[in-house]
Protein chains: 2
Amino acid sequence: MTDLAAVLRAHGRRLTPQRRRIVEALTHLGHATPDGVAAQVGADGGPSVPLSTIYRGLEALESLGVVSHTHLDHRAPTYHLTGHADHVHLVCRGCGTIDEVPASAATEFVARISASRGFTADVTHLAVHGWCAGCRP
Amino acid sequence: MTDLAAVLRAHGRRLTPQRRRIVEALTHLGHATPDGVAAQVGADGGPSVPLSTIYRGLEALESLGVVSHTHLDHRAPTYHLTGHADHVHLVCRGCGTIDEVPASAATEFVARISASRGFTADVTHLAVHGWCAGCRP
DNA sequence: TTGAATGCAAAAAATTTGCATATTG
DNA sequence: CAATATGCAAATTTTTTGCATTCAA
């Protein structure tokens with residue numbers, strides 16, 4: 001991804017092998033917590049990367065819009081590539097299962113808050129909590 | 001709220017003064033992190049309550065459906081009374097401002113995922129990230 | 001009475017930060 | 001070269017847990 005290097009360079013940041021591996025890890029995993037990213041990075045054959053570098057790398061990449069994060073469950077920020085397929089997560093409060101639906105399901109909702117508040121919502125990886133068919137109260 | 005005592009009792013749990021004060025704190029604050037709840041509880045005139053009790057109390061109340069929580073920002077679970085007015089939070093990634101819109105704005109969205117996945121979404125206090133009018137990219 | 005809850009204190013997790021050193025551009 | 005990142009270790013912050021004691025029902 002020369003593209004990635006370009007994005008970083010454009011902001012005076014640098015593409016280091018660690019950052020490249022973080023992006024590769026996310027490409028491979030889809031979603032992952034900082035800890036999960038570190039594990040995947042450590043499993044890619046190269047030397048392990050300290051968590052502090054993972055955190056700083058994710059922070060840098062997020063500030064440039066390359067990755068973003070959401071909170072799928074209680075205490076766990078999960079990161080993903082911003083370009084990753086748009087979808088909304090349906091998190092069941094009963095069994096904890098996480099289902100996904102295309103982000104397009106929220107189109108009307110997004111348009112509505114844009115019209116009423118001028119707010120541009122990013123429903124990519126939006127986490128919606130509730131109950132799945134089996135746990136429906 | 002004798003009602004509260006009843007809910008707890010119905011599950012073999014007890015209504016302690018600490019729990020009552022936690023609920024009062026949330027009633028007063030609307031939303032708050034465990035830390036914020038502790039601060040408010042400590043400011044209500046009574047003796048301070050250790051964080052561990054706050055955590056265990058919120059956990060117990062949440063398991064009974066009295067309170068629920070969401071993640072409005074990066075690392076901070078915010079709790080609120082489940083009966084608290086339904087609204088969706090619009091969290092700006094630019095300036096961090098948090099706006100609110102009635103949960104009814106998501107009616108069509110909720111119906112759609114209910115129809116397609118049988119998922120009963122609870123959009124109360126749903127946190128939608130994006131950019132407010134001023135920070136729109 | 002009697003099991004659920006509290007209070008402390010200590011243990012775990014999860015993040016962040018300081019700094020000397022290594023690297024990218 | 002010069003400024004940005006990394007690695008490590010140490011410091012924070014946040015949340016959880018063990019247990020003797022207290023208290024609600």
Side-chain angles (χ1 to χ4, degrees), chain A residues 1-25 31-42 44 46-64 66-67 69-79, chain B residues 1-25 31-42 44 46-64 66-67 69-79:
Chain A
M1 299 275 161
T2 305
D3 198 32
L4 178 58
V7 173
L8 286 160
R9 232 174 329 176
H11 292 265
R13 321 302 295 276
R14 296 167 183 175
L15 176 58
T16 61
Q18 290 85 340
R19 291 180 179 175
R20 197 194 330 273
R21 291 168 71 204
I22 287 175
V23 171
E24 284 167 1
H31 313 88
T33 60
D35 204 61
V37 172
Q40 175 60 35
V41 165
D44 71 2
S48 74
V49 174
L51 237 7
S52 59
T53 296
I54 299 289
Y55 276 102
R56 288 193 273 223
L58 286 171
E59 178 184 34
L61 293 168
E62 182 161 40
S63 74
L64 299 184
V66 178
V67 309
H69 82 271
T70 49
H71 289 273
L72 295 188
D73 52 27
H74 201 326
R75 177 172 98 223
T78 58
Y79 287 81
Chain B
M1 298 278 159
T2 306
D3 198 34
L4 180 58
V7 173
L8 285 160
R9 233 173 333 183
H11 292 264
R13 322 302 295 278
R14 295 167 184 177
L15 176 57
T16 62
Q18 291 83 343
R19 290 180 179 174
R20 195 191 335 267
R21 292 169 71 205
I22 287 174
V23 171
E24 286 165 359
H31 311 89
T33 60
D35 204 60
V37 172
Q40 175 61 33
V41 165
D44 71 3
S48 74
V49 174
L51 237 9
S52 60
T53 296
I54 298 288
Y55 274 102
R56 286 192 275 223
L58 287 171
E59 178 184 34
L61 293 168
E62 182 161 40
S63 74
L64 299 183
V66 178
V67 310
H69 82 272
T70 49
H71 289 273
L72 295 189
D73 53 27
H74 199 326
R75 177 172 100 223
T78 59
Y79 287 81

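Chain letters run A, B, ... following the sequence lines, proteins first, then strands; residues in each count from 1.
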Item to check | Contact state string [nucleotides 10-16 of chain C, B base, S sugar-phosphate only, - no protein heavy atom under 4.0 Å] | outcome: ---SSSB
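- Here C/dT24 presents its P atom at 14 Å from CZ of A/R21, a figure rounded to the nearest Å.
- Across B/I22 and B/T53, no two heavy atoms sit closer than the pair CD1-O, 4.2 Å.
- Going from atom CZ of B/R9 over to atom CG of B/L4 covers 10.0 Å, rounded to the nearest 0.5 Å.
- Two residues are said to be in side-chain contact when any heavy atoms from C-beta on lie closer than 4.5 Å; A/R20 and A/L15 meet this criterion.
- Atom CZ in A/R20 sits roughly 14 Å away from atom P in C/dT23 (whole-Å rounding).
- If you measure from atom CG of B/L8 to atom P of C/dT6, you get 10 Å, rounded to the nearest angstrom.
- Between C/dT6 and B/T16, a contact under 4.0 Å exists linking OP1 or OP2 to a side-chain N or O.
- Nucleotides of DNA chain D that come within less than 4.0 Å of any heavy atom of chain B span, from the 5' end to the 3' end, D/dT13 to D/dA25.
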Which atom pairs link the protein and nucleotides 2-4 of chain C when you take only N or O atoms and keep those under 3.5 Å?
unit_1, atom_1, unit_2, atom_2, d
C/dG3, N2, B/R14, NH1, 2.1
C/dG3, N2, B/R14, NH2, 3.4
C/dG3, N3, B/R14, NH1, 3.2
C/dG3, N3, B/R14, NH2, 3.2
C/dA4, O4', B/R14, NE, 3.4
C/dA4, O4', B/R14, NH1, 3.3
C/dA4, O4', B/R14, NH2, 3.4
C/dA4, N3, B/R14, NH1, 3.4

Show every donor-acceptor pair shorter than 3.5 Å between a side-chain atom in residues 56-64 of chain A and any protein atom, with sequence neighbours excluded, or say none if there are none.
unit_1, atom_1, unit_2, atom_2, d
A/E62, OE1, A/H69, ND1, 3.3
A/E62, OE2, A/H69, N, 3.2
A/E62, OE2, A/H69, ND1, 2.8
A/S63, OG, A/A60, O, 2.7

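- Summary for the helix from C/dT1-D/dA25 to C/dG25-D/dC1: the axes at its two ends, each from 5 pairs, differ by 50° when rounded to the nearest 10 degrees.
- Contact between the side-chain N/O atoms of A/Q18 and the OP1/OP2 oxygens of C/dT23 is not found at any separation under 4.0 Å.
- Remark: B/T70 pairs with B/L72, B/T78, B/H80, B/H125 by the side-chain contact (heavy atoms from CB on, under 4.5 Å) rule, at least two apart or across chains.
- Between the OH atom of A/Y79 and the CD1 atom of A/I54 there is a distance of 11.0 Å, given to the nearest 0.5 Å.
- Counting to the nearest Å, the P atom of C/dT17 and the CD1 atom of A/I54 are 17 Å from each other.
- The side-chain contact (heavy atoms from CB on, under 4.5 Å) test applied to B/A39 returns no partner, not counting sequence neighbours.
- Nearest heavy-atom pair across B/V41 and B/A25 is CG2-CB, 3.8 Å.
- The closest donor-acceptor contact from the side chain of A/R19 to the backbone of A/R14 lies under 3.5 Å.
- For the pair B/P34 and B/P77, the tightest heavy-atom approach, listed with the atom from each and the gap, is CD-O, 3.5 Å.
- Taking the nucleotide of DNA chain D with the nearest heavy atom to each of B/P17 and A/P50, the more 5' of the two is matched to A/P50.
- B/D44 pairs by the salt bridge (charged side-chain N to carboxylate O under 4.0 Å, His left out) definition with B/R21, not counting sequence neighbours.
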